[in-house]
*Asks:* 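Let me begin by handing over the structure; questions about it come next.
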2 protein chains.
Amino acid sequence: MTKICDCGNDEFIAGVKKRMPDDDLIIDMSDLFKIFGDGTRLRILIALEKEEMCVEGISKTVDMSLSAVSHQLKVLKDAKLVKGRRSGKQVYYSLCDEHIFMLLKTAEEHLREERE
Amino acid sequence: MTKICDCGNDEFIAGVKKRMPDDDLIIDMSDLFKIFGDGTRLRILIALEKEEMCVEGISKTVDMSLSAVSHQLKVLKDAKLVKGRRSGKQVYYSLCDEHIFMLLKTAEEHLREERE
DNA sequence: TAAATAGTTGAACAGTTGTTCAATTGAATA
DNA sequence: TATTCAATTGAACAACTGTTCAACTATTTA
């Protein structure tokens, strides 16, 4: 008979809702994570952390076709995660923001710890 | 005539490759990010950071059907991000690991900074 | 200017994902 | 025990995603 769960109480739910970040921020967050959530893109980002590279170099490093890499670079560029600078025939890509790399490091460390 | 890009040099590529994390880790990382890359799951995680809740409570908080929430809870449970404890008719869910929450906070802060 | 090289782009396709709906399970209560 | 409530599960379906292929653009070199 006793109500254990407070979830029937609308005020309780409203209280939790109020403490959540606003919807726009949550959408932005999940969009950002979505970008990291693909192996090819993640490998491109990690590769670019090591070296600035042209598309062909990235393609060889991550073992993906030139076209596939170029498509993903566009996604990363649109998300302002990488930038390209043209030099002659090549376009050299690098990370926009080293800052974003803390995210990847944090995830990496978490998983490493989880492993042993 | 001068070769500007070092990407034609196989040793250069091999060098970058060697400095990358191994494939398994990259797959684990992208799998983790994939989970955060969905708005419903992200909202569930953020809600559970605030309060332990039963499925109906979560469902009301994130404005999704009971079934949709339950399906996503299974994904989160399989990934060891949340755990459930049964108490009577209800199952109460909470975060497995507050540690993982640093990731979300890092992303949130990054986006907040980017905004203004 | 013509050819070659580096990269981009759009359409198409297969594979994956998330939600809904209906059926089902598990626990408490009448 | 039969009923009710809370949650889970599986199938189906639509929407989305990532790769490939072919065509195209931009820059350099012959």
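Only this structure's heavy atoms are used, side chains among them; waters, hydrogens and symmetry mates stay out. First the proteins, then the strands, lettered A, B, ... as listed; each starts at 1.
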*Asks:* Nearest heavy-atom pair of B:F101 and B:L45: which atoms, and what distance?
*Replies:*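 Closest pair (atom of B:F101, atom of B:L45, distance): CE1-O, 3.6 Å.
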*Asks:* Tell me whether the side-chain N or O atoms of A:S67 pair up with the base of C:dT9 as donor and acceptor below 3.5 Å, since no angle test is needed here.
*Replies:*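 Indeed, a donor on one side and an acceptor on the other fall under 3.5 Å apart.
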*Asks:* Please tell me which of B:D38 and A:R86 maps to the more 5' nucleotide of DNA chain C, matching each residue to the nucleotide holding its nearest heavy atom.
*Replies:*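 Nearest-nucleotide comparison on DNA chain C picks A:R86.
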*Asks:* Which one, C:dA28, D:dT9, D:dT8, comes nearest to the side chain of B:K74?
*Replies:*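 Among the listed nucleotides, the one closest to the side chain of B:K74 is D:dT9.
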*Asks:* Please give, in whole Å, the distance from D:dT29 P to A:K89 NZ?
*Replies:*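 That distance rounds to 6 Å.
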*Asks:* Whole angstroms only, please: what is the CG-C1' distance between B:L66 and D:dT8?
*Replies:*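 After rounding, the reported distance stands at 9 Å.
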*Asks:* Within a radius of less than 6.0 Å around NZ of A:K74, do more than 12 heavy atoms belonging to other residues, nucleotides or ligands occur?
*Replies:*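 Atom NZ in A:K74 is not packed in, count stays at 12 or less.
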*Asks:* Restricting to non-hydrogen atoms, name the atom on B:P21 and the atom on B:L25 that form the minimum distance, rounded to 0.1 Å.
*Replies:*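 That closest heavy-atom pairing would be CB-CD2, 3.9 Å.
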*Asks:* Using the rule side chain to side chain donor-acceptor pair (under 3.5 Å), only one of B:R43, B:K77, B:R41 pairs with B:Q72; which is it?
*Replies:*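 That would be B:R41.
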*Asks:* Rounded off to whole Å, could you give me the CZ-to-C1' distance for the B:R43 and C:dT19 pair?
*Replies:*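 It works out to 13 Å between those atoms.
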*Asks:* So, is A:Y93 close to the C:dT8 phosphate, meaning a side-chain N or O under 4.0 Å from OP1 or OP2?
*Replies:*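 Answer yes for this pair, as a side-chain N or O of A:Y93 is under 4.0 Å from OP1 or OP2.
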*Asks:* Please state how far atom CG in A:L42 lies from atom C1' in D:dT17, giving the value in whole angstrom units.
*Replies:*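 Roughly 16 Å, once rounded to whole Å.
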*Asks:* Any idea which of C:dG7, C:dT9, C:dT19 is nearest the B:A68 side chain?
*Replies:*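 When the side chain of B:A68 is considered, C:dT19 is the closest of C:dG7, C:dT9, C:dT19.
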*Asks:* Please state how far atom CG in B:D78 lies from atom C1' in D:dT8, giving the value in whole angstrom units.
*Replies:*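 Taking CG of B:D78 and C1' of D:dT8, I get 13 Å after rounding.
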*Asks:* Would you classify A:S70 as touching base, sugar-phosphate or nothing, given that sugar-phosphate means primed atoms plus P, OP1 and OP2, and contacts are heavy atoms under 4.0 Å?
*Replies:*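 Base contact - A:S70 has a heavy atom under 4.0 Å of at least one base atom.
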*Asks:* State plainly whether the residues B:E108 and B:K105 are in salt-bridge range, i.e. N to O under 4.0 Å.
*Replies:*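 A salt bridge is present here (some side-chain N lies under 4.0 Å from a carboxylate O).
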*Asks:* Grab the CZ-P distance between A:F33 and C:dT17 for me, whole Å please.
*Replies:*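 That distance rounds to 18 Å.
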*Asks:* For the pair made of CD1 in A:I58 and P in C:dT8, what is the distance, rounded to whole Å?
*Replies:*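 So the CD1-P distance, A:I58 to C:dT8, works out to 9 Å.
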*Asks:* Rounded to the nearest angstrom, tell me the gap between atom CE in B:M64 and atom P in D:dT8.
*Replies:*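 It works out to 17 Å between those atoms.
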*Asks:* Of the nucleotides D:dA7, D:dT19, C:dT20, which one has an atom closest to the side chain of B:H71?
*Replies:*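 Between D:dA7, D:dT19, C:dT20, the one nearest the side chain of B:H71 would be C:dT20.
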*Asks:* Counting just side-chain N and O atoms, does A:Q72 come under 4.0 Å of either OP1 or OP2 of D:dT19?
*Replies:*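 Indeed, a polar side-chain atom of A:Q72 lies that close.
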*Asks:* Under 4.0 Å: is that the gap between some side-chain N or O of A:R41 and OP1 or OP2 of D:dG18?
*Replies:*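 Yes, such a contact exists.
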